[in-house]
Amino acid sequence: MTSITLPIAGVLVGLNTLASQILASVYLPLMLPYKKSKFQSKDQNPVISSLFKLQLFYIGTGSLRLVCAVIAASVHRRHLMIWAVFGPRFMYEAAFQCVSSILTICMYLLVCKNQQSFDNGMQEAARKLF
């Protein structure tokens, strides 16, 4: 008979439950459409502004799903199955939104930091060449 370590089992269940939100938030910068808008100023970085819009859309759609779950739970508050169907749906959506928002913001900050260091490195390389 094998023994089960409860904290490790809890972490594995949590990772299994939240894996799609974690992967979507982490890989969101890879879906970035890189094209320069004609209305964009010259001092604004097109990568950062496009990434901000993409991640704002992602967080907005997740918030919309959370609002719909809240509305469904409040509309069906007198229903017999509120604690079996609508309550857990609301709690899972809240957890999904928290994880997605935190990871999306962390990825945005990471890309901004790396983009800034990449730009600084390119400027130094250009100064050394010329």
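All heavy atoms count here, side chains included; hydrogens, waters and symmetry mates do not.
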[X] versus [Y], closest heavy-atom pair with distance:
{"X": "Ser25", "Y": "Thr104", "value": "OG-OG1, 3.5 Å"}
{"X": "Phe96", "Y": "Thr17", "value": "CE2-O, 3.8 Å"}
{"X": "Ala84", "Y": "Pro88", "value": "O-CG, 3.8 Å"}

Checklist line | Sub-4.5 Å side-chain heavy-atom contact between Met107 and Leu28 | finding: no

Margin query: Which Ile, Leu, Val, Met, Phe, Trp or Tyr residues join Val67 in one cluster when any pair of side-chain heavy atoms under 4.5 Å counts as a link?
Written below: Ile71, Val75

Item checked: Path from Leu30 to Leu23 over hydrophobic side-chain contacts below 4.5 Å -> yes

Check: From Tyr27 OH over to Leu103 CG, what is the distance, rounded to the nearest 0.5 angstrom?
Finding: 12.5 Å

Next item on the list: With sequence neighbours excluded, give me every side chain to side chain donor-acceptor pair (under 3.5 Å) pair touching residues 57-78.
Entry: Ser63-Gln97, Arg65-Glu93

Taking side chain to side chain contact (heavy atoms under 4.5 Å, CB included) as the definition, give me every residue that meets it alongside [X], ordered by chain and number, with sequence neighbours left out.
{"X": "Ile102", "value": "Cys106"}
{"X": "Leu51", "value": "Pro29, Leu32, Gln55, Tyr108, Val111"}
{"X": "Ile8", "value": "Thr5, Leu12"}
{"X": "Leu15", "value": "Val11, Ile22"}

Note to self: With a sphere of 6.0 Å drawn around CZ of Phe90, does it hold more than 12 non-hydrogen atoms of other residues, nucleotides or ligands?
What the structure shows: no

